[in-house]
Student: 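I am attaching a structure below and will ask some questions about it afterwards.
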Amino acid sequence: MEMNQYLSMFIDESRDHLQAMNEHLLSLEASPEDISIVQHIFRSAHTLKGMSATMGFEDLASLTHEMENVLDLVRNNKLKMDSFIFDCIFKSLDSLESMVEDVIQGGTGKADVTDIVVALKSIVSGDYKKGGAAEVPAAAKSPEAAGAQGAKGSELDEFQFSILNQSIETGMPAYRMEVSVRQDCVLKAARAYMVFNVLEENGEVIKSTPSVEDIEQERFENSFTVYYVSQLDKELLHKQVAGVSEIDKVDLVSLDKDKLAEFMKPAEPEAVQALAAAAPVPAAEEAPKAAAPAAETKKPAGGGAPVANRTIRVDIERLDMLMNLFSELLIDRVRLEQLASEIHKNELTETVEHMARVSTDLQNIVLKLRMVPVDTVFNRFPRMIRDVAKTLDKKVDLIITGAETELDRTVVDEIGDPLVHLLRNAVDHGIEPYAERVSLGKPETGTIHLRAYHSGNHVFIEIEDDGRGINREKVLNKAIQNGVVTQEQSARLSDEEVYQLLFAPGFSTADKISDISGRGVGLDVVKTKIESLGGHVHVDAKLGKGSKWSVQLPLTLSIISAMLIRIQGEKYAIPLTSIVETMAIRREQLRSVHGNPMVEYRTSVIPLIPLADLFDVPGGSDLTEDEIQMVVIRKGEKLAALAVNEFIGQQEIVLKSLGKYLTNLFAVSGATILGDGQVALIIDTNALFK
């Protein structure tokens with residue numbers, strides 16, 4: 001039976017079942033006596049086993065069957081869940097995810113899961129309580145890792161071998177380098193990128209295993225191999241690569257003709273030695289497998305080529321080009337609408353109105369193409385928090401809100417790793433051990449809130465914990481000790497400026513280095529990554545009460561709905577998403593608090609900001625008029641009012657960058673070209689809140 005047509009369905013459903021099992025297993029860990037949760041996990045495992053067997057992925061089906069045996073005993077009250085069983089099933093799920101990923105990449109879904117199967121069988125037999133299984137096995141290595149650590153022979157093809165051979169003959173040093181990244185490194189791809197930067201500045205990379213593309217996508221475990229040609233001597237090259245942050249080890253071998261030949265030999269010792277006599281044998285085809293009968297090496301349906309989902313993968317650059325073209329179309333549409341209103345021809349007006357409706361629908365589709373909910377990133381965090389808390393022997397609840405908030409796809413793809421580091425940081429540095437929390441009168445279980453919400457043309461992601469907070473004095477003392485600031489400068493720093501010191505390269509307040517943090521790397525990379533996305537990260541903390549890390553990210557959309565307003569002779573745009581309402585007030589409703597204008601709004605008093613004064617508009621603001629027009633804006637729970645001269649109306653506008661020279665302008669996020677050709681600045685309302 002031809003199975004290729006069912007592969008896409010198998011992959012989608014497998015991912016759904018694995019995610020469901022992860023979520024239900026976390027719920028079961030919180031309520032171990034709830035058999036109904038076990039029933040859900042069992043049903044997902046049973047369905048996954050059946051699908052895998054039907055598709056011919058026997059290793060997947062076999063491991064799921066062993067999980068099913070354990071779950072069957074639990075749901076029939078013949079076995080009680082304990083920490084060993086939970087850890088074993090979590091590791092099983094990790095292995096199943098690796099096997100499904102292998103299928104997606106065109107593999108057979110095979111993996112060495114012997115240790116996990118033995119542990120699961122020991123649970124069924126009860127031997128694990130008698131010492132039959134000393135420890136929970138590690139999850140199976142991903143296919144990428146297996147490929148990276150394959151047989152020594154056959155690492156080079158004929159072309160690569162020829163280049164290296166000629167380099168050695170002409171006296172150019174050639175090297176084989178295996179670079180290992182630290183196990184606790186969060187941004188592995190970033191560190192690998194820094195290594196390749198060092199290499200490309202001083203020579204030429206001939207071969208990388210895994211490929212550079214896979215390394216950029218972080219599809220490797222903790223090491224990668226590079227064949228390299230350079231004039232640098234071995235000691236200097238080793239020093240430069242090992243000097244990159246979070247690089248654990250660099251194994252550097254100088255290549256001569258004999259050593260180079262080792263990496264061209266087929267894996268079988270009897271194989272022909274000469275390059276011309278034999279084609280390279282892939283690393284996976286080792287001697288025992290080569291001798292196996294054909295029936296044992298048969299691949300299930302789909303083996304050999306990556307599986308195409310029932311979606312079209314579109315290059316982000318093409319989407320950007322589509323967005324830019326539509327942006328230009330929108331400017332022309334607004335101009336056309338303006339001209340039609342001046343000419344007063346019914347046929348023209350009707351045609352323009354129809355074009356406006358069609359282009360609005362087209363605009364919505366173009367925008368939605370790039371938008372995905374942050375839930376695609378958030379859904380992996382509960383499991384991660386569970387594992388980190390267990391490692392640190394802490395009790396932590398993760399509460400997620402706003403996971404449906406949508407963000408540009410490119411930003412979502414990049415934001416995952418910085419959030420992972422901030423969450424791990426909150427568990428390690430923020431949340432106290434439960435014994436310490438109890439002694440402080442806090443609940444023994446710490447709480448971390450992960451929130452996402454829109455405000456203006458930005459998305460805010462907040463990570464807030466109820467832990468230790470940040471010790472201002474400790475941070476300052478460490479900063480002075482490290483030479484980041486002087487004693488005189490430290491006395492003038494605000495709390496916000498002190499907290500920003502945490503993002504200095506190599507800065508750490510940890511008393512000891514752990515597997516989770518403490519080496520003074522990570523937060524600098526987090527800040528760099530967020531700023532490269534056009535965002536900012538802010539910190540607020542109270543000693544002993546907790547801390548809040550707020551990440552502000554642009555939607556990076558080209559088109560937004562805005563309210564156009566006039567201040568004296570100038571036009572400005574305010575994003576509709578940050579506007580609560582527009583209104584007019586009488587002059588007598590104005591109040592003055594410490595010399596600052598305030599206005600009564602509903603049951604509270606909010607600040608009134610004269611935009612003419614803020615932007616130095618010629619003519620200035622005039623708050624002496626009998627009636628004052630204002631726009632009420634919001635950021636989170638905070639409100640403020642902006643004093644304007646005139647409301648022009650609502651309009652869809654195209655966001656345009658102000659270029660590389662006009663950067664860091666206060667309260668201005670960009671500009672737009674209006675239908676009459678005038679340029680209007682777009683107000684960043686978030687910057688107006690202190």
Side-chain angles (χ1 to χ4, degrees), residues 19-34 36-37 40-41 86 90 93 186 372-407 412 415-438 440-455 458-470 516-517 526 530 537-553 634-638:
Q19 182 62 32
M21 282 193 279
N22 259 308
E23 290 172 0
H24 283 126
L25 200 55
L26 286 167
S27 300
L28 182 63
E29 196 170 37
S31 308
E33 305 299 324
D34 192 342
S36 65
I37 301 176
H40 288 302
I41 302 171
F86 274 116
F90 273 125
L93 291 177
V186 178
V372 292
V374 292
D375 183 50
T376 56
V377 177
F378 283 10
N379 62 18
R380 74 188 204 214
F381 293 150
R383 168 69 193 282
M384 182 202 78
I385 292 292
R386 177 257 178 204
D387 290 347
V388 174
K390 190 174 179 67
T391 302
L392 296 170
D393 196 25
K394 295 182 179 181
K395 296 182 179 180
V396 183
D397 279 343
L398 177 65
I399 300 172
I400 296 176
T401 53
E404 72 284 351
T405 304
E406 290 192 329
L407 191 55
V412 167
I415 198 60
D417 286 336
L419 291 181
V420 164
H421 191 91
L422 291 176
L423 284 165
R424 286 161 62 99
N425 202 59
V427 179
D428 189 19
H429 291 296
I431 302 297
E432 308 94 336
Y434 51 85
E436 183 181 332
R437 290 181 64 86
V438 171
L440 294 169
K442 293 183 176 182
E444 66 174 20
T445 301
T447 304
I448 297 175
H449 289 272
L450 176 61
R451 308 184 191 93
Y453 60 88
H454 281 118
S455 181
H458 291 84
V459 166
F460 285 81
I461 298 175
E462 294 179 349
I463 296 169
E464 185 174 7
D465 66 72
D466 64 348
R468 298 186 179 99
I470 299 173
I516 307 298
S517 60
V526 168
I530 290 170
V537 57
H538 302 281
V539 190
D540 188 23
K542 290 183 180 177
L543 187 60
K545 300 291 185 182
S547 54
K548 180 165 73 174
W549 304 73
S550 182
V551 178
Q552 175 185 333
L553 296 163
R634 176 194 299 275
K635 176 188 175 185
E637 299 300 317
K638 298 178 180 178

Student: Rounded to the nearest 0.5 Å, what's the gap from CZ on Arg386 to OG1 on Thr391? Could you check?
Tutor: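 These two atoms lie 8.5 Å from each other.
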Student: Would you say Val551 and Leu422 make side-chain contact, with heavy atoms under 4.5 Å?
Tutor: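 They are in contact (side-chain heavy atoms under 4.5 Å apart), so the answer is yes.
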Student: Just do the side-chain contact (heavy atoms from CB on, under 4.5 Å) check on Ile461 and Phe378 with the steps written out, would you?
Tutor: CA-CA 11 Å; Ile461 298 175; Phe378 283 10; 4.0 Å; yes
Student: Once you round to the nearest 0.5 Å, how far does CD1 of Ile463 lie from CD1 of Ile448?
Tutor: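 Separation between the atoms: 8.0 Å.
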Student: Would you say that Pro382 contacts Ile400 through its side chain, given a criterion of any heavy-atom pair below 4.5 Å between the two side chains?
Tutor: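 In contact.
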Student: Taking all non-hydrogen atoms of both residues into account, name the closest pair between Ala389 and Val396 and its distance.
Tutor: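 Residues Ala389 and Val396, closest heavy atoms: CB-CG2, 3.9 Å.
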Student: Heavy atoms only: give me the nearest Ser547-Ala541 pair and the separation to one decimal.
Tutor: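 For Ser547 versus Ala541, the nearest heavy atoms are CB-CB, 3.7 Å.
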Student: Closest approach of Ala452 and Thr405, non-hydrogen atoms and distance?
Tutor: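 Scanning both residues, the minimum pair turns out to be O-OG1, 3.2 Å.
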Student: With heavy-atom distances below 4.5 Å as the criterion, would you say the side chains of Ile37 and Ile41 are in contact?
Tutor: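 Yes; the side chains approach each other to less than 4.5 Å.
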Student: So, for Tyr453 and Glu462, which heavy atoms are closest and what is the spacing to 0.1 Å?
Tutor: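 Closest pair (atom of Tyr453, atom of Glu462, distance): OH-OE2, 2.9 Å.
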Student: Write down the atom of Trp549, the atom of Asn425, and the distance for their closest heavy-atom approach.
Tutor: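 Taking Trp549 first and Asn425 second, the nearest heavy atoms are CZ2-ND2, 3.9 Å.
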Student: Please check if atom OH in Tyr434 has more than 12 non-hydrogen atoms from other residues, nucleotides or ligands closer than 6.0 Å.
Tutor: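 No, because the 6.0 Å sphere around OH of Tyr434 holds 12 heavy atoms or fewer from other groups.
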Student: Are side-chain heavy atoms of Met384 and Leu398 found at a separation under 4.5 Å?
Tutor: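 Heavy-atom side-chain distance check fails, nothing below 4.5 Å.
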Student: To check you understand the geometry: which heavy-atom pair defines the closest contact between Asn379 and Gln19, and what is its length?
Tutor: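 Scanning both residues, the minimum pair turns out to be O-NE2, 3.3 Å.
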Student: What's the spacing between Asp466 CG and Arg437 CZ if we round to 0.5 Å?
Tutor: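 Between atom CG of Asp466 and atom CZ of Arg437 there are 4.0 Å.
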Student: If you round to the nearest 0.5 Å, how far is CG of Leu423 from CD1 of Ile385?
Tutor: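 Going from CD1 on Ile385 over to CG on Leu423, the span is 4.5 Å.
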Student: Measure from the side-chain N and O atoms of Asp465 to the backbone N and O of Ile431, and report whether any donor-acceptor pair falls under 3.5 Å.
Tutor: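 No, because the side chain of Asp465 does not come within donor-acceptor range (under 3.5 Å) of the backbone of Ile431.
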Student: For Val526 and Asp417: C-alpha separation, side-chain torsions, deciding distance, then whether side-chain contact (heavy atoms from CB on, under 4.5 Å) applies.
Tutor: CA-CA 8 Å; Val526 168; Asp417 286 336; over 6 Å; no
Student: Which residue, Lys545, Glu436, Glu432, forms the side chain to side chain contact (heavy atoms under 4.5 Å, CB included) with Lys442?
Tutor: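 Among Lys545, Glu436, Glu432, the one that satisfies the side chain to side chain contact (heavy atoms under 4.5 Å, CB included) with Lys442 is Glu432.
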Student: Any chance you could lay out the side-chain contact (heavy atoms from CB on, under 4.5 Å) test for Arg383 and Leu25, step after step, and finish with the verdict?
Tutor: CA-CA 9 Å; Arg383 168 69 193 282; Leu25 200 55; over 6 Å; no
Student: Please round to the nearest 0.5 Å and tell me the distance separating atom NE2 of His421 and atom CG of Asp428.
Tutor: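 His421 atom NE2 to Asp428 atom CG measures 9.5 Å (nearest 0.5 Å).
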Student: Please name the residue in the list Arg451, His449, Lys548 that meets the side-chain hydrogen bond (donor to acceptor under 3.5 Å, both in side chains) test with Glu464.
Tutor: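 The side-chain hydrogen bond (donor to acceptor under 3.5 Å, both in side chains) with Glu464 is passed solely by Arg451 among Arg451, His449, Lys548.
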Student: To the nearest 0.5 Å, how far apart are CG in Asp375 and CG in Leu407?
Tutor: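 Atom-to-atom, Asp375:CG and Leu407:CG are 13.0 Å apart.
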Student: Assess whether side-chain contact (heavy atoms from CB on, under 4.5 Å) is satisfied between Phe90 and Lys390, documenting all intermediate values.
Tutor: CA-CA 13 Å; Phe90 273 125; Lys390 190 174 179 67; over 6 Å; no
